[in-house]
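All heavy atoms count here, side chains included; hydrogens, waters and symmetry mates do not.
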Amino acid sequence: DLEKSNQSTTFGDEFIQDLPVQGRFYTNVLTLAPGVQDSDMDGNPNVHGARERDFATIVGGVSNVDPLTGLQLSNVNIDSIEEIEVITAGAGVEYGRAQGGFANVIEKQGSNQFEGLFNFIFRSSALDGNGATSLSGDRVPEFEWVQPALQISGPILRDKLWYRLSYEYLKREDPVNVSTAIAVTTRTQTTSSNMITWQASRRNKLTFSYLNDPWEIENSGVSSTRPTETPATTEQQAPTYRIARTAPSSPTL
C-alpha cells in the first residue's frame, strides 16, 4: 500500500494454526517477518539489530512488556489469536515506548457460532537415542514435552454477548549437557486467555479479558559451571486484566 509509510508483515489465524513452529508460541511467528531475529529463542526478538528490550508487543490494545526488564510479560495462547502484525519500521503515532519494532496482536472475540478447538503436542526422548553426546544410552536421562490446549467460544446472547475461553498446559523437560553428565530442566506453565464481549449498542462495544501464564523452572541456570548440586527454581506470575470500550463517534473519528 503506497499510502502507508510503515513496513509491516501480517499473519492471519489460518496461516498461524498450520505453522509447524516448535511449541506453538506466538513469539516464534514474529521471526518470520523480514528483519526480525531471535537467536537465543527466548521469545524476545530484535529488529534490524536493535536491543531485545526495544521491541514492544501490544495485545488487545495493551502493552505486553514487563516494565521492569523491558522484555515479554505474558504468553498468549496461539489459538486465541486472529491476526499478528509485525511493524519493523515507520510505526504510526499510536505506537510508542520502543525503538526497534512493534507487534500488534488481535485476539478472537467469539461469535454467534459455537466453536471448539483442541490440540495436543507430545515429544519424548525415546526418539533421540543418545543425542549429540558420547554417553551410553543408559546414562542419558529421559525427558518429555507435553502440551495440551483447549479453546471454546460462542454466544451467551446472540448478537449481544459472546465469550471465548482458552487454556493451555505445558510441561517441558530439556536436557542440558554439563560436561560430566546431562541434567534436565523442567518448565511447567499454564496459559489462560479468556474474553467476554458485549455489544451494548450499535456503536458501543465493551470487552473484558483476563490473561495469565504462571510458570516455574526447576534446575534453572544449570550449566557446566553451575552443577546440579546447586539447583535453583525460577517462578513468575503476571496476571493481566483489561477492559476496553470501542465507540466510534462518526465515520471519520
Indicate the atoms forming the closest heavy-atom contact of [X] with [Y], along with that distance.
X: Ala149; Y: Phe118; answer: O-CD1, 3.2 Å
X: Asn204; Y: Ala247; answer: OD1-CB, 3.5 Å
X: Ile196; Y: Leu161; answer: CG2-CD1, 3.9 Å
X: Pro45; Y: Gly43; answer: CD-O, 3.4 Å

**Request:** Might you work through the side-chain contact (heavy atoms from CB on, under 4.5 Å) test for Asn112 and Asp159, ending with a clear yes or no?
**Result:** CA-CA 7 Å; Asn112 287 333; Asp159 301 325; 2.6 Å; yes

Roughly how far apart are [X] [atom1] and [Y] [atom2], rounded to 0.5 Å?
X: Arg203; Y: Thr246; atom1: CZ; atom2: OG1; result: 13.5 Å
X: Arg172; Y: Ile121; atom1: CZ; atom2: CD1; result: 11.0 Å
X: Gln189; Y: Asn75; atom1: CD; atom2: CG; result: 5.5 Å
X: Gln7; Y: Thr88; atom1: CD; atom2: OG1; result: 5.0 Å
X: Gln37; Y: Asn46; atom1: CD; atom2: CG; result: 5.5 Å
X: Thr191; Y: Asp213; atom1: OG1; atom2: CG; result: 5.0 Å

Are [X] and [Y] connected, step by step, through hydrophobic side chains (Ile, Leu, Val, Met, Phe, Trp, Tyr) whose heavy atoms are closer than 4.5 Å?
X: Val62; Y: Leu211; value: no
X: Val65; Y: Phe55; value: no
X: Phe15; Y: Tyr26; value: yes
X: Ile84; Y: Ile78; value: yes
X: Val47; Y: Phe11; value: yes

Does any part of the side chain of [Y], heavy atoms only, come nearer than 4.5 Å to the side chain of [X], both counted from C-beta?
X: Ile87; Y: Tyr95; answer: yes
X: Val76; Y: Phe25; answer: no
X: Glu144; Y: Phe122; answer: yes
X: Ser74; Y: Asn64; answer: yes
X: Glu216; Y: Thr234; answer: no

Side chain to side chain contact (heavy atoms under 4.5 Å, CB included) partners for [X], two or more places apart:
X: Gln237; value: Asn212, Pro214, Pro239
X: Lys171; value: Tyr169, Glu173, Thr186, Thr188
X: Leu206; value: Trp198, Arg245
X: Leu165; value: Ile152, Tyr163, Asn194

**Request:** Would you mind listing every salt bridge (Lys or Arg N to Asp or Glu O under 4.0 Å) that reaches into residues 26-52, with sequence neighbours excluded?
**Result:** Arg51-Asp54

**Prompt:** Going through the distances and angles, do Asp66 and Gln72 end up as a side-chain contact (heavy atoms from CB on, under 4.5 Å)?
**Reply:** CA-CA 6 Å; Asp66 188 340; Gln72 174 193 359; over 6 Å; no

Side-chain donor-acceptor pairs of residues 102-110 under 3.5 Å, sequence neighbours excluded:
{"residue": "Glu107", "atom": "OE1", "partner": "Arg242", "partner atom": "NH2", "Å": "2.5"}
{"residue": "Glu107", "atom": "OE2", "partner": "Ser193", "partner atom": "OG", "Å": "3.2"}
{"residue": "Lys108", "atom": "NZ", "partner": "Asp79", "partner atom": "O", "Å": "3.3"}
{"residue": "Gln109", "atom": "OE1", "partner": "Lys205", "partner atom": "NZ", "Å": "3.3"}

Can you list everything that forms a side-chain hydrogen bond (donor to acceptor under 3.5 Å, both in side chains) with [X]? Sequence neighbours excluded, please.
X: Arg53; answer: none
X: Asp13; answer: none
X: Ser166; answer: Gln151, Arg164
X: Arg202; answer: none

**Item:** side-chain contact (heavy atoms from CB on, under 4.5 Å) evaluation trace for Tyr167 with Asn77
**Value:** CA-CA 7 Å; Tyr167 181 81; Asn77 189 333; 5.7 Å; no

**Message:** Given 3.5 Å as the limit, does a donor-acceptor pair link the side chain of Ser209 with the main chain of Met195, or not?
**Reply:** no

**Prompt:** For Trp215, what are the other residues in its hydrophobic cluster, where any two members join if their side-chain heavy atoms are less than 4.5 angstrom apart?
**Reply:** Ile217

**Request:** Quick one: name the residues clustered hydrophobically with Phe208, using the 4.5 Å side-chain heavy-atom rule over I, L, V, M, F, W, Y, and just say none if it's on its own.
**Result:** Tyr210, Tyr241, Ile243

**Message:** Before you tell me yes or no, could you show the steps for Ile16 and Ile81 under side-chain contact (heavy atoms from CB on, under 4.5 Å), namely the whole-Å CA-CA distance, both residues' side-chain angles and the distance that decides it to 0.1 Å?
**Reply:** CA-CA 9 Å; Ile16 295 174; Ile81 297 176; 4.2 Å; yes

